[in-house]
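Structure first, then comments.
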Amino acid sequence: MALTTQDLTAFFKKHPVAIGCGVLSVVLLAGVYIRSSKQGELAAQLKGKEVEGQKILSNIRNGANLAEQFEALTASTKELESRLVRSSERARNQQYFYRIESDTGVKEVNLQPASSNAGPQRGPKTIYTGVGYNVAVVGDYRQILDFVGRLESGPHFYRLISGSVTRQGQRGSPESTPAVTLTLNLELLGLP
Amino acid sequence: MLSLLQKSDQTQGPLLPAWHPNFRDRERLPDTKVVRTQFFVNFASIAVAAGLLLYFCYQEYTIHNFSRQVADWQTQIDTNRKASDQALELSRKFVDEEKKLDELDKFLKPRLVLSQFLLRTGSTLPEGLAIDAVDVRDTGVSLRGTASGSPDEASGRTSTYIEQLRQDKYFSGIFEDVALNKLEREQPSGRLTFDMFLRFKGAAKK
C-alpha cells in the first residue's frame with residue numbers, strides 16, 4: 001500500500017496536536033543535546049575560576065601583615081649582614097683576632113686562614129659561607145677563657161670546628177700560673 | 001449506557017451470519033467512547049513536549065547561571081589580581097630573606113660552647129685530679145689528665161669522676177657516653193694518667 005500526499009495530509013489534519021508536539025519534542029531534544037556540552041564546559045570553567053579566585057583571595061588574606069613582617073625581617077638580616085666577614089678581606093679578618101689577642105693578653109702563636117680542601121660544596125647552594133681560620137694562642141687559664149668567650153660573643157658569628165686546650169710545662173713546677181695553649185680550628189660566618 | 005453496550009456488541013460484529021445484509025459504514029460512524037483515543041494521544045504528546053520544554057528551559061537557566069557566575073568570578077579575579085601578585089612577590093622576597101636567618105641558625109648550632117665546657121669542667125673537677133689537655137673533635141671531647149695518690153686511690157678517683165660526669169646534668173645533656181680509654185702509670189713520676197672520651201649525643205661510635 002503506497003503512502004500518498006493525500007494520505008499524509010489527511011493524517012496531519014487528523015492529528016495536528018500530536019504531530020506538532022512531536023516536531024517540537026524533536027527540536028527540543030536536539031537543543032538539549034547541543035546545549036548540554038556548553039553546560040559541561042561552563043561548569044568546568046566555573047570550577048576553575050572558583051579555584052583561581054579562592055587562591056587569589058587567600059593570597060591577599062595571607063599577605064595582610066606581610067609588609068610589616070618583611071620590614072622587620074629585612075632589618076634583622078641587615079643587622080646580620082653587618083656582622084659578616086668577607087673571605088677576601090684577609091687583613092681585616094686577621095685584625096679581628098689581633099684585637100682580641102691584645103684585649104685578653106694572650107700571645108698568638110699561629111694565625112692562618114684554613115685551607116678549604118672540602119672541594120665543591122654539596123647540597124643546596126648557600127648564601128653565606130664559613131671563613132675558616134686556624135688559631136693558636138698561649139696564655140694563662142683566665143686569659144684563654146677570656147679569649148674563647150670574646151670569640152663566642154664577639155661581633156662576628158663564630159663556629160668551633162675542632163680545638164684543643166693543653167697545659168704547658170711540668171706539673172708541680174714553681175710557676176704559679178701554668179701556661180695553657182689553645183688551638184682552634186674555627187669558622188666565621190661570611191660572604192664568599 | 002445501554003446504547004453504549006449495544007454499540008460495543010455491534011462493533012464486535014455478529015457471531016452468527018446476519019439474516020439480512022449489514023450496510024453500516026463503520027469508518028464513518030462517530031466514535032462514541034467516553035474518552036476518545038485522540039485525547040490520550042494528544043495528552044501524551046503534549047506531556048512529552050512540555051517535559052522536554054521544561055528540561056530545556058532549566059538547562060538554559062543553568063547555563064545562564066553558570067555564565068553569570070563565571071563572569072562574576074572573572075571580575076573579582078581581575079580586581080584582586082594586582083594585590084595578589086604583590087603579596088606573592090613580597091612572599092617570595094620574605095622566603096629569600098628567611099633563608100638567610102635559617103643559614104645563620106644552622107651555622108650557630110654548636111654542639112659545644114667551649115667556654116662553658118671549660119668552666120664547668122674546672123668547677124666540677126674533684127680534688128686529686130688534674131686535666132692536662134682537652135681535645136674537641138667532631139664526635140666528642142677527649143680529656144687527658146693525671147690522678148694523684150696511690151694507684152688504688154688514683155684509679156678510684158678516676159672511676160668516681162667518670163660516674164660523676166655521667167650523672168652531671170650539664171655533661172649528660174651534651175654527651176651520650178663517657179668512656180675511659182686509657183689509665184696507666186706515668187714513668188718516672190709514677191702518677192696515674194688517664195684519657196677519657198665524652199661522646200656527643202648522636203655521634204657515631206668509634
Side-chain angles (χ1 to χ4, degrees), chain A residues 14-15 17-22 24-25 28-29 31-32 35-36 38-39 42-43 45-46 49-50 52-53 55-57 59-60 62-64 66-67 69-70 73-74 76-77 80-81 126-128 130 141 144-145 148-149 151-152 157-167 171 184 187 189, chain B residues 38 41-42 44-50 52-53 55-56 59-60 62-63 66-67 69-70 73-74 76-77 80-81 83-88 90-91 93-94 96-101 103-104 107-108 110 112-115 118-119 122 130-138 142 144 146 189 191:
Chain A
K14 197 174 179 187
H15 306 286
V17 175
I19 288 165
C21 287
L24 182 65
S25 298
L28 286 171
L29 269 174
V32 165
R35 297 288 278 170
S36 65
K38 176 78 177 169
Q39 187 185 0
L42 276 171
Q45 202 181 345
L46 178 63
K49 291 285 173 198
E50 263 178 12
E52 192 185 352
K55 198 177 160 189
I56 282 176
L57 284 176
N59 285 343
I60 294 169
N62 294 337
L66 200 59
Q69 290 168 4
F70 178 70
L73 185 65
T74 313
S76 302
T77 51
L80 181 165
E81 283 176 352
T126 55
I127 303 160
Y128 305 129
Y141 182 65
I144 292 294
L145 266 183
V148 174
L151 277 178
E152 285 169 351
F157 298 108
Y158 144 99
R159 175 165 70 179
L160 176 68
I161 305 296
S162 64
S164 69
V165 184
T166 318
R167 185 185 170 280
R171 192 167 293 287
L184 295 176
E187 276 182 352
L189 189 67
Chain B
Q38 189 72 15
V41 172
N42 289 347
S45 48
I46 288 169
V48 169
L52 279 168
L53 185 67
Y55 183 74
F56 182 76
Q59 191 183 39
E60 284 304 307
T62 312
I63 287 170
F66 280 172
S67 301
Q69 286 184 52
V70 166
W73 273 110
Q74 190 57 53
Q76 203 172 351
I77 287 167
N80 294 333
R81 189 177 292 280
S84 165
D85 287 350
Q86 281 173 348
L88 281 177
L90 201 58
S91 167
K93 283 183 186 171
F94 189 92
D96 287 345
E97 287 294 307
E98 203 182 15
K99 271 185 200 161
K100 293 177 181 176
L101 289 186
E103 273 193 35
L104 176 69
F107 183 85
L108 292 178
L112 185 78
V113 178
L114 186 60
S115 58
L118 292 175
L119 282 169
I131 304 288
D132 293 323
V134 177
D135 270 326
V136 183
R137 299 176 212 153
D138 268 1
S142 160
R144 287 195 305 278
T146 52
S189 67
R191 277 187 297 221

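Reckoned from all heavy atoms, side chains included, excluding hydrogens, waters and symmetry mates. Sequence lines set the chain letters: A, B, ... in the order given, protein chains first and strands last, and positions in each chain run from 1.
For the options Ala43(A), Gly63(A), Gly130(A), heavy-atom pairs under 4.5 Å to chain B are most numerous at Ala43(A). Ranked by heavy-atom pairs under 4.5 Å with chain B, the first of Leu57(A), Val165(A), Asn59(A) is Val165(A). Across His15(A), Lys49(A), Gln45(A), the residue that shares the most heavy-atom pairs under 4.5 angstrom with chain B is Lys49(A). Interface remark: of the candidates Ile77(B), Asp85(B), Asp138(B), Leu112(B), Ile77(B) forms the most heavy-atom pairs closer than 4.5 Å to chain A. Annotation: maximal heavy-atom pairing with chain B below 4.5 Å, among Ser36(A), Gly149(A), Ser76(A), occurs at Ser36(A). When Gln76(B), Glu60(B), Gln74(B) are compared by the number of non-hydrogen pairs under 4.5 Å with chain A, Glu60(B) comes out ahead. Your options are Ala133(B), Ser115(B), Ser142(B), Ala44(B), and the one with the most heavy-atom pairs under 4.5 Å with chain A is Ser115(B). Between chain B and the options Val148(A), Asn62(A), Leu151(A), Ile161(A), the largest number of non-hydrogen pairs under 4.5 Å is found for Val148(A). Ranked by heavy-atom pairs shorter than 4.5 Å toward chain A, the options Leu104(B), Asp96(B), Leu101(B), Ile46(B) are led by Leu104(B). Counting heavy-atom pairs under 4.5 Å between each of Gly20(A), Ser164(A), Gly163(A) and chain B puts Gly163(A) at the top.
Interface remark: Leu24(A) contributes side-chain atoms only to the contact with chain B (heavy atom separation under 4.5 Å). For chain A, the nearby parts of Gln69(B) are the backbone and the side chain; heavy atoms of each come within less than 4.5 Å. If you measure heavy-atom distances from Glu152(A) to chain B, the contacts under 4.5 Å come from the side chain alone. Interface remark: Glu50(A) contributes backbone and side-chain atoms alike to the contact with chain B (heavy atom separation under 4.5 Å). Using a 4.5 Å cut-off between heavy atoms, Leu108(B) touches chain A through its side chain atoms alone. Contact of Ala67(A) with chain B is made through backbone and side chain together, with heavy-atom distances under 4.5 Å. Looking at Ile63(B), both its backbone and its side chain come within 4.5 Å of chain A, counting heavy atoms on both sides. Leu42(A) touches chain B through backbone and side chain together, each having a heavy atom under 4.5 Å away. Contacts of Ser67(B) with chain A are made by both backbone and side-chain atoms, with heavy-atom separations under 4.5 Å. At a 4.5 Å heavy-atom cutoff, Ile19(A) makes no contact with chain B through either its backbone or its side chain.
Contact of the Tyr141(A) side chain with the Leu118(B) side chain is registered, since non-hydrogen atoms from C-beta on lie closer than 4.5 Å. When side chains are defined from C-beta on, Leu184(A) counts as touching Leu114(B), because their heavy atoms get closer than 4.5 Å. Lys38(A) places none of its side-chain heavy atoms less than 4.5 Å from the side chain of Phe66(B). At a threshold of 4.5 Å between non-hydrogen side-chain atoms, the residues Tyr128(A) and Phe107(B) do not count as touching. Between Leu66(A) and Ser91(B), some side-chain heavy-atom pair lies under the 4.5 Å cut-off.
The minimum heavy-atom distance linking Thr74(A) with Glu97(B) is given by the pair CA-OE1, 4.0 Å. Lys99(B) and Ile127(A) make their closest contact through CB-CD1, 3.9 Å (heavy atoms, listed as atom of the first residue, atom of the second, distance). Minimum interatomic distance between Thr62(B) and Gln39(A) (heavy atoms only, all atoms of both residues): CG2-NE2, 3.3 Å. Nearest heavy atom pair, residue Ser45(B) against residue Cys21(A), reads O-CB, 3.4 Å. Contact record, Leu28(A) with Ala49(B): CD1-O, 3.6 Å, taken as the closest heavy-atom pair. Here the shortest heavy-atom pairing between Ala18(A) and Val41(B) reads CB-CG1, 3.7 Å.
Between the CD1 atom in Ile56(A) and the CG atom in Leu88(B) there is a gap of 8.5 Å [rounded to 0.5 Å]. Here the CG atom belonging to Leu145(A) is positioned 4.5 Å from the CG atom belonging to Leu119(B), to the nearest 0.5 angstrom. Atom CG of residue Leu73(A) and atom CZ of residue Phe94(B) lie 5.0 Å apart, to the nearest 0.5 angstrom.
Using a 4.0 Å cut-off between charged nitrogen and carboxylate oxygen, Glu52(A) and Arg81(B) count as a salt-bridge pair.
Taking the salt bridge (charged side-chain N to carboxylate O under 4.0 Å, His left out) definition, one finds that Glu98(B) meets it with nothing, sequence neighbours left out.
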